[in-house]
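Taking it in order: structure first as structure tokens, then the write-up.
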Amino acid sequence: MEDGMHYEGNCIRPPSEAYSILLQVTLGCSHNKCTFCGTYTDKRFTIKDDKTILSDILFASKYMKRQDRIFLMDGDALIIPQKRLMWILDRIREHLPWIKRVGAYANAKGIKMKSAEELKALRENGLSILYMGVETGDDDLLKKIRKGSTAQKLIDMGRKVREAGIKLSVTVILGIAGNDPELSRRHTRATGEVLSAMDPNYVGALTVMLIPGTPLYDEYKRGEFRLLNERETLVELREMIAHTNLSRGMFFSNHASNYLPIKARLPKGKDAALAQIDSALAGDIELRPEWSRAL
Ligand code: SF4
């Protein structure tokens, strides 16, 4: 118990979980095939043993009393079988009663494996936000990047999360279609349509980054994939926001991989966000320099 938290390998969490207790309950991602993702190439997917998870919860109960959010790492903690996941949430409630929000990454497969009742039970037991990678709404592109899902499946799974009363935060990727103008247009429009149908609470737009060791990086090296320039990236961001209609949500592009930080409350703030992008396109706003972009 006194030997600290047991973290293994590359550990990532969404930017909004920066101040959360990070509890690693799985290693890696059960899918681990997306062509742009190099996050967990070093790990084979496993669920950590109960003893290690409990030891970390007990450590947090002693030393992390001021953090009231907890994020379950790694890639898709929702894939954990229901009974074990309920057990983890029970232990969090028992030992960390001050926790107000439990979050985790989820993919379409993990959500599909849970029934509507099971998701509700997880919600009642504290799981309050799920983060899901949508990346694009274009079916051909989803296949190409090996997301393991179709647009319709992403919509259905996103809605299922929302219907269970769990908040949904999704990411989309600018530039993932490459620099063919027609493909880029299809990507932004289809993504806007999927987001509108899904109606998540939060959308985070990232800009594609090339990670050595990933299939996308190899495509780039072979000249089969080209990055957008700053201007083209902004045009994609503009198109995507223009085609996204949320009943009540936030659209962010403030991740460190982006050239222009945007934070728009939709639907109210849509016009202002588009006007801000137009100013940037007209050269009136300074963009984040290339050297400071990061994942
Ligand atoms: S599902 Fe997420 S973590 Fe897993 S390979 Fe794809 S992008 Fe990476």
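Whatever order the structure lists them in is the order used to number ligands and atoms, beginning at 1.
Arg159 places a side-chain N or O within donor-acceptor distance of the main-chain N or O of Ala197, the cut-off being under 3.5 Å.
Between Arg93 and Ile99, the closest side-chain pair of non-hydrogen atoms is not below 4.5 Å. A heavy-atom distance below 4.5 Å is not found between the side chains of Thr35 and Phe225.
Exactly one of Asn107, Thr26, Asn32 qualifies for a side-chain hydrogen bond (donor to acceptor under 3.5 Å, both in side chains) with Asp76. That residue is Asn107.
For atom 6 (Fe) of ligand 1, protein N, O or S atoms under 2.8 Å: 1 in total.
A donor and an acceptor atom, one from each side chain of Asn179 and Glu232, are nowhere located under 3.5 Å apart. Ser16 and Tyr131 form a side-chain donor-acceptor contact under 3.5 Å, judged by distance and modelled atom types alone.
For the ligand labelled ligand 1, residue Phe36 lies inside the 4.0 Å heavy-atom shell.
Every atom of ligand 1 is numbered from 1 in the order shown, and the set under 4.0 Å from a heavy atom of Tyr40 is 3 (S).
For His95, the side-chain hydrogen bond (donor to acceptor under 3.5 Å, both in side chains) criterion is met by no residue, not counting sequence neighbours.
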